[in-house]
Amino acid sequence: METFDYVIIGAGSAGSVLANRLGEDPANRICVLEAGGKDWHPYIHLPAGFIKTFHMKSVNWAYQQEPGPWTGGRSIYAPRGKTLGGSSSINGHIYNRGQRQDFDTWAQLGNRGWGYPDVLPYFKRLERRVGEGDETYRGREGRLTVTTMDWNDPLCEAFMEGAVSLGIPRNPDYNGAIQEGVSYCQRTIENGLRMSAAKAFLHPARKRGNVDVRTHAHVTNIIFEGKRAVGVRYLKGGKGGTPVEVRANKEVILSGGAYNSPQVLQLSGVGSPELLQLHGIEVRHALPGVGEGLQDHYAPRSVARVKNIQTINELRRGLSLWVEALKWATTRRGLLSLSPTMVYCFWHSGETTESSDLQLTFTPASYKEGVQGQLEDEPGMTVASWQQRPESRGYVRIRSADPFVPPIIQTNYLVEDIDRRVVVAGMKLARRLLASAPLAPYYAYEDFPGPKVQSDDEFLAAATERGTTTFHPGCTCRMGPADARWAVVDDQLRVHGLQGLRVVDASIMPRMISANLNASTLMIADKASDMIRGKTAPEAVRFPVSA
Ligand SMILES: Cc1cc2nc3c(=O)[nH]c(=O)nc-3n(C[C@H](O)[C@H](O)[C@H](O)COP(=O)(O)OP(=O)(O)OC[C@H]3O[C@@H](n4cnc5c(N)ncnc54)[C@H](O)[C@@H]3O)c2cc1C
């Protein structure tokens, strides 16, 4: 059996950072196992290509969630990256860290060293911020390039003015001191190309010679000796492929993402004994929290028809598209360099809400049936709105002992009353924003939810009819103290009760944060790399005590 120091399962956002950092030590030999293929497809690198990779099975796990009690009987589509870079290779490129209180809450749950002053140095260390940013918060020397949206669009400007007219201030940097306000979005895009975690971290790591990245290596289970993880079994070539085992001298690190990490643990006999026995899997280690606690952001998308101006809907057709293609080829700017969202707005659902609990995004485009992925033919604009820190929790559980059968994904969107109230508040704010005076020259009429929807119950019904995931699943292998029944890993990300095994990815978040999850997943992996290497963490940031 081949032996490495570390075996990393999954070359996604977290796996890429880990490979890079652990590989900095030339003595370390690292094997990275990725179920997907290489990230060669041009649609991965062209920012607007996300519309294509969204459904492309060659780079996407393309999961379906189970219908939930508040999704109107619908099974919601759940894309996940399956290639080098993982979901960072098919995501919407938005760079959003979240709020100070998100991480302080993680620390308050019993996780030492995870408060905002502790994690901020890692956010800074990872990024190369181009453009505006206070040096207290922003990094300039990391590998991950973060730029600001550079598309001049009168509709975006009018939307921002509309927000200001409603009392929502412009915020030059929502990743700085304060998140609240309206801003152009920041993206992981450099020179008109996607900056995936593979591009920023994994590919440079491979050049060092001590990181062996294996694609089409579908991990079926972790190998244990007693309570110690000693290696990994995978099928070379995927389903029906050749079984291969690799050994880890030091550690196995599971970075399969919020859906697949709990699945791999359960397939390896780590999880709820009832669930494992149901599928005939021998219980290696009883850990009832595995897969439980799934959280995600649920977003209805409000749409208005547009007049007197072109939207992206028309630009992506016929001659206009050729003009845009030429623009991208010569300047690396224009339509093909765009993210799915252009403006971000963070606000609160009630006057007494402590910090912004609503996230709204604006796009001068609209999608068929209010779903992302396929643009409509007639001009439209969209505001997606979601609750930043939902309380509802679901689960990920294996459906079968067959590693190629997708797990059961039940997100339980909106089961908590507060979530329903905040989502309704978000839709009402979206309506006011779209109908604001500065947008009036372009606003034809509200298409969804439509003028018939007036009461809270009607808004809620519309939300259940059309809401979708914002692609931010997390919290399925939560970090917490050993005596917490829900906890899967400790604050060093070691699996409770086992040796030689850590989980490092979005699944370890104990609670949903006020953000899209890529930035914080990269931060988690960077912090984990110091723990694994036994390096001292950077000094916590000291903030001036406010009066
Ligand atoms: C369509 C979409 C849009 C998004 N938009 C944004 C956005 O704009 N901004 C943002 O911040 N976040 C966004 N996200 C979310 C963000 O990209 C993810 O939260 C983040 O990438 C998660 O990182 P991860 O390391 O936890 O998992 P992933 O990056 O998904 O990595 C997991 C890796 O493990 C591999 N793997 C899984 N199981 C196995 C197995 N059994 N064997 C071998 N390999 C395996 C997978 O193929 C994958 O490469 C989006 C996500 C999607 C899908």
Side-chain angles (χ1 to χ4, degrees), residues 7-18 32-37 39 47 50-51 53-56 59-63 77-98 144 146 175 185-189 194 196-198 201-202 213-222 232-235 238 253-265 267-268 296-297 339-341 344 361 372-373 403-404 406-407 468-477 503-509 513 515-525 528:
V7 177
I8 300 171
I9 303 170
S13 296
S16 296
V17 173
L18 284 170
V32 185
L33 301 171
E34 168 55 46
D39 56 341
F50 72 86
I51 266 192
T53 55
F54 196 76
H55 292 286
M56 230 163 79
V59 297
N60 194 327
W61 292 87
Y63 286 135
Y77 176 60
R80 290 277 94 194
K82 188 181 182 184
T83 180
L84 298 182
S87 297
S88 79
S89 288
I90 66 160
N91 74 8
H93 342 92
I94 300 299
Y95 184 80
N96 181 14
R97 294 175 179 175
L144 187 82
V146 179
N175 289 308
C185 65
Q186 297 176 21
R187 304 109 29 99
T188 44
I189 292 179
R194 175 192 293 276
S196 70
F201 303 103
L202 188 67
V213 180
R214 300 183 179 183
T215 49
H216 299 292
H218 192 117
V219 171
T220 56
N221 61 291
I222 296 161
V232 174
R233 192 170 292 119
Y234 68 93
L235 290 180
I253 305 164
L254 180 52
S255 300
Y259 296 146
N260 293 45
S261 281
Q263 184 196 26
V264 170
L265 284 176
L267 291 171
S268 309
D296 191 9
H297 291 130
S339 304
T341 295
Y344 260 64
T361 64
Q372 267 188 318
F404 292 92
T468 61
T469 171
T470 54
F471 326 110
H472 303 155
C475 315
T476 50
C477 298
V503 183
V504 180
D505 58 25
S507 69
I508 68 94
M509 297 185 185
I513 57 168
N516 322 50
L517 301 194
N518 193 39
S520 49
T521 305
L522 300 171
M523 175 279 289
I524 288 167

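Note that ligands are numbered from 1 as they come in the structure, with each ligand's atoms numbered from 1 the same way. Count residues from 1 along the sequence.
No N or O atom of A258 sits closer than 3.5 Å to an N or O atom of ligand 1. Here's the thing with S87: one of its N/O atoms is less than 3.5 angstrom from an N/O atom of ligand 1. Considering backbone and side-chain N/O of I94, one or more are found under 3.5 Å from N/O of ligand 1. Between G36 and ligand 1, no N or O atom pair is found at a separation short of 3.5 Å.
For the pair G256 and D505, the tightest heavy-atom approach, listed with the atom from each and the gap, is N-OD2, 3.2 Å. Nearest heavy atoms, M509 versus T521: CE-OG1, 3.9 Å.
If you check which protein heavy atom lies closest to atom 17 (O) of ligand 1, you get N91 ND2, 3.1 Å. Nearest protein neighbour of atom 52 (C) of ligand 1, counting heavy atoms only, is F471 CB, 3.4 Å. Looking only at protein heavy atoms, the nearest one to atom 38 (N) of ligand 1 is N260 ND2, 3.0 Å. The nearest heavy-atom contact from the protein to atom 43 (C) of ligand 1 is A35 N, 3.2 Å. Among all non-hydrogen protein atoms, the one lying nearest atom 11 (O) of ligand 1 is N518 N, 2.8 Å. Looking only at heavy atoms of the protein, atom 20 (C) of ligand 1 is closest to S13 OG, 3.5 Å. Closest protein heavy atom to atom 47 (O) of ligand 1: E34 OE2, 2.6 Å. Closest protein heavy atom to atom 10 (C) of ligand 1: N516 CB, 3.2 Å.
The proximity of T521 to ligand 1, defined as any non-hydrogen pair under 4.0 Å, is limited to the side chain. Neither the backbone nor the side chain of Q263 has any atom closer than 4.0 Å to an atom of ligand 1 (non-hydrogen atoms only).
A donor-acceptor pair under 3.5 Å links the side-chain atoms of S88 to the main chain of A197, judged by distance alone. The main-chain N or O of T341 is never found under 3.5 Å from a side-chain atom of S339 such that the two would form a donor-acceptor pair. When atom types are taken as modelled, the side chain of S89 and the backbone of L84 share a donor-acceptor pair closer than 3.5 angstrom. A donor-acceptor pair is defined here as one N or O able to donate and one able to accept, closer than 3.5 Å; such a pair exists between the side chain of T476 and the backbone of A258. Under the 3.5 Å distance criterion, the side-chain polar atoms of T215 are left unmatched by any main-chain donor or acceptor of G36. At distances below 3.5 Å, not a single donor-acceptor pair connects side-chain atoms of S13 with backbone N or O atoms of L522. Between the side chain of T83 and the main chain of G37, a donor-acceptor pair closer than 3.5 Å is present. Listed for the N221 side chain is no donor-acceptor partner under 3.5 Å among the backbone atoms of L267. A donor-acceptor pair under 3.5 Å links the side-chain atoms of N175 to the main chain of R97, judged by distance alone.
By the side-chain contact (heavy atoms from CB on, under 4.5 Å) test, T470 pairs with D296, H297, A299, R301, W386, H472, sequence neighbours left out.
Close to ligand 1: W61, with a non-hydrogen atom less than 4.0 angstrom away. Distances shorter than 4.0 angstrom occur between a heavy atom of S255 and an atom of ligand 1. Ligand 1 lies less than 4.0 angstrom from a heavy atom belonging to I90.
H218 and F404 have tilted rings, their planes meeting at an angle from 30° to 60° on a 0 to 90° scale.
The distance from ligand 1 to the heavy atoms of A14 drops below 4.0 Å at these ligand atoms: 25 (O). Residue contact check: R80 has heavy atoms under 4.0 Å from atoms 51 (C), 53 (C) of ligand 1. Listed by number with element, the atoms of ligand 1 under 4.0 Å from a non-hydrogen atom of G256 are 32 (C), 34 (O), 37 (C). Below 4.0 Å from some heavy atom of L33 lie the following atoms of ligand 1, by number and element: 43 (C), 44 (N). Ligand 1 places these atoms under 4.0 Å from at least one heavy atom of A217: 42 (N), 43 (C). Close approach of ligand 1 to T83 (heavy-atom distance below 4.0 Å) involves ligand atoms 49 (O). Listed by number with element, the atoms of ligand 1 under 4.0 Å from a non-hydrogen atom of G92 are 3 (C), 4 (C), 5 (N), 6 (C), 7 (C), 8 (O). Those atoms of ligand 1 that come under 4.0 Å of a heavy atom in G81, given as number and element, are 46 (C), 47 (O), 48 (C), 49 (O).
When side chains are defined from C-beta on, F471 counts as touching P79, because their heavy atoms get closer than 4.5 Å.
Annotation: cation-pi pair R80/Y259 present, NZ/CZ under 6.0 Å from the ring centroid and within 45° of its normal.
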